[in-house]
2 protein chains.
Amino acid sequence: MKLSTKGRYGLRAVLDLAVHADDEAVALSQIAERQGISINYLEQLIAKLKRAGIVTSIRGAQGGYMLAAPADEISVGDILRALEGDLSPVDCSIVNSNEGNCDNADSCVTKYVWKRISDSINDAVDAIKLAELVAESKKVQAEVGMTDPKAKQTCGK
Amino acid sequence: MKLSTKGRYGLRAVLDLAVHADDEAVALSQIAERQGISINYLEQLIAKLKRAGIVTSIRGAQGGYMLAAPADEISVGDILRALEGDLSPVDCSIVNSNEGNCDNADSCVTKYVWKRISDSINDAVDAIKLAELVAESKKVQAEVGMTDPKAKQTCGK
DNA sequence: AGTATAACCAAGTAAATTAATAGGAATTAA
DNA sequence: TTAATTCCTATTAATTTACTTGGTTATACT
């Protein structure tokens, strides 16, 4: 029941992109370096984001990536689903088809459990817009900048 | 972001146990057969449930398993956490320690996302009591019993 | 007392998935 | 023309999952 590095790295990458975008395209190498993620791996993640229409790209020298929409129109849910696929705790095929269909009442009933988990996850991530994270990120950055190094710890937990 | 068969089979097994318990212990072999799960594998799952204090066992001939508490005092959350471990979308160690600590504001901010997902999952599963599922299961069973075979389909989706 | 039934335990294994790595082709600004 | 960059595909190492195997211990029943 864990997100893979796709979701973890990928969300950070999009956030980095959103924070550092000044209507110039941002090169993947910059994101990779700032976030400490292998550029080759990040390439695969951003490809998913592009396919999902979350980012656009400009090829060639001075090229890079940009958000395809304003940060307040992109939800964390959009991003995570693009990276991880469906966020349901079981495969749709299990819910829809008959891995122990109603011959087995218990299988049937547990499907409602999976549905409720799935809905709660999707509601949670759809409620968080990228813009919120950008604002929070800039705030944190500012705080760290103005206090002494030990202040970092307040953020950990 | 998927539950493993541990959670899926295990919840079904506990539900089966709850449905078929008439203050007699239920043998694992019966649960395994009814649910179509390998008994050897199920053994490993029920061991987790026992360690977590969700079921108790009686050894020897005529032995078996019983719920350790009334079904309305056991939540689906208790069961799934026993089987799957922590239901957070990332390892606690990532949230607590510094996989890119606040040197990297973005890592710092995404931790709040993981926390919100985690809370929503746990709230959802803790709100569902085993007793609810037992009632639902008995209802479904009754429905299937009294209608023709084709009625099964209403349950699938 | 003997036997069948059951829980309990530990180790091994095959398949799948994850998390990368590697190497190059296509595109474009300078 | 060159350097920077996206884009694409294939391979690989490590990890995790989903079992299987082969026992042992405990206990009711005869």
Side-chain angles (χ1 to χ4, degrees), chain A residues 1-13 17 20 24-33 35-52 54-68 80 83-86 89-91 93-94 99, chain B residues 1-13 17 20-21 24-33 35-52 54-68 80 83-86 89-91 93-94 99-100:
Chain A
M1 199 51 184
K2 296 279 176 266
L3 284 169
S4 66
T5 55
K6 293 193 200 92
R8 291 194 278 118
Y9 293 177
L11 179 58
R12 252 163 62 204
L17 179 58
H20 291 91
E24 295 261 309
V26 179
L28 210 55
S29 57
Q30 291 169 37
I31 299 176
E33 195 181 5
Q35 299 296 327
I37 301 168
S38 143
I39 185 169
N40 295 287
Y41 190 43
L42 199 50
E43 236 171 43
Q44 293 171 39
L45 308 186
I46 203 125
K48 285 171 184 276
L49 293 165
K50 201 191 164 189
R51 265 178 256 132
I54 291 168
V55 302
T56 55
S57 64
I58 298 171
R59 298 191 67 171
Q62 260 55 41
Y65 293 91
M66 290 183 304
L67 294 180
L80 291 181
L83 292 160
E84 295 273 339
D86 176 41
V90 297
D91 278 337
S93 58
I94 289 172
E99 182 226 314
Chain B
M1 199 54 184
K2 296 279 177 267
L3 284 169
S4 65
T5 55
K6 294 192 199 92
R8 290 193 280 118
Y9 293 178
L11 179 58
R12 250 164 63 203
L17 179 57
H20 292 91
E24 295 261 308
V26 179
L28 210 54
S29 57
Q30 291 170 36
I31 299 176
E33 196 181 5
Q35 298 297 328
I37 301 169
S38 142
I39 185 170
N40 295 288
Y41 189 43
L42 198 50
E43 238 173 40
Q44 293 169 37
L45 307 186
I46 204 127
K48 284 170 184 276
L49 294 165
K50 201 191 164 189
R51 264 177 256 132
I54 291 168
V55 302
T56 55
S57 63
I58 298 170
R59 298 193 66 170
Q62 260 55 41
Y65 292 91
M66 289 183 305
L67 293 182
L80 290 181
L83 292 161
E84 294 273 340
D86 176 40
V90 296
D91 278 337
S93 57
I94 287 172
E99 183 228 313

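Only a predicted model underlies this, so the values are computations on that prediction, with no experimental measurement involved.
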d([atom1], [X]; [atom2], [N]) in whole Å:
{"X": "A/Lys48", "N": "D/dC8", "atom1": "NZ", "atom2": "C1'", "answer": "14 Å"}
{"X": "B/Leu3", "N": "D/dT17", "atom1": "CG", "atom2": "C1'", "answer": "13 Å"}
{"X": "A/Lys2", "N": "D/dT17", "atom1": "NZ", "atom2": "P", "answer": "10 Å"}
{"X": "A/Glu33", "N": "D/dT5", "atom1": "CD", "atom2": "C1'", "answer": "15 Å"}
{"X": "B/Ile39", "N": "C/dA6", "atom1": "CD1", "atom2": "C1'", "answer": "9 Å"}
{"X": "B/Arg51", "N": "C/dA7", "atom1": "CZ", "atom2": "P", "answer": "16 Å"}
{"X": "A/Leu42", "N": "C/dA22", "atom1": "CG", "atom2": "P", "answer": "17 Å"}
{"X": "A/Met1", "N": "D/dT16", "atom1": "CE", "atom2": "P", "answer": "18 Å"}

Considering only heavy atoms from C-beta outward, does the side chain of B/Lys50 approach that of B/Thr56 to under 4.5 Å?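 Answer no - side chains too far apart.
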With sequence neighbours left out, the residues meeting side-chain hydrogen bond (donor to acceptor under 3.5 Å, both in side chains) with A/Thr5 are A/Tyr41
For A/Glu84, enumerate each residue passing the side-chain hydrogen bond (donor to acceptor under 3.5 Å, both in side chains) test, keeping only those at least two apart in sequence or located in another chain.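 Partners of A/Glu84 by the side-chain hydrogen bond (donor to acceptor under 3.5 Å, both in side chains) criterion, ordered by chain and then number, come out as A/Ser4.
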Check every atom of D/dT5, C/dA7, D/dC7 against the side chain of A/Lys50 and return the nucleotide holding the closest atom.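 Taking heavy atoms from C-beta onward, the closest nucleotide is D/dC7.
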Looking only at heavy atoms, which two atoms of A/Gly10 and A/Leu45 are closest? And how far apart? N-CD1, 4.0 Å
[X]: partners by side chain to side chain contact (heavy atoms under 4.5 Å, CB included), with sequence neighbours left out:
{"X": "A/Asp86", "answer": "A/Ser88, A/Cys92, B/Lys2"}
{"X": "B/Ala47", "answer": "B/Arg51"}
{"X": "A/Gln30", "answer": "A/Val26, A/Ala27, A/Arg34"}

Would you mind classifying the nucleic acid contact of B/Leu28 as base, sugar-phosphate or nothing, using non-hydrogen atoms under 4.0 angstrom? sugar-phosphate
It should be established whether B/Ser4 places a side-chain nitrogen or oxygen under 4.0 Å from OP1 or OP2 of nucleotide D/dT16. no
Contact state string [nucleotides 19-30 of chain D, B base, S sugar-phosphate only, - no protein heavy atom under 4.0 Å]: BBB---BBBS--
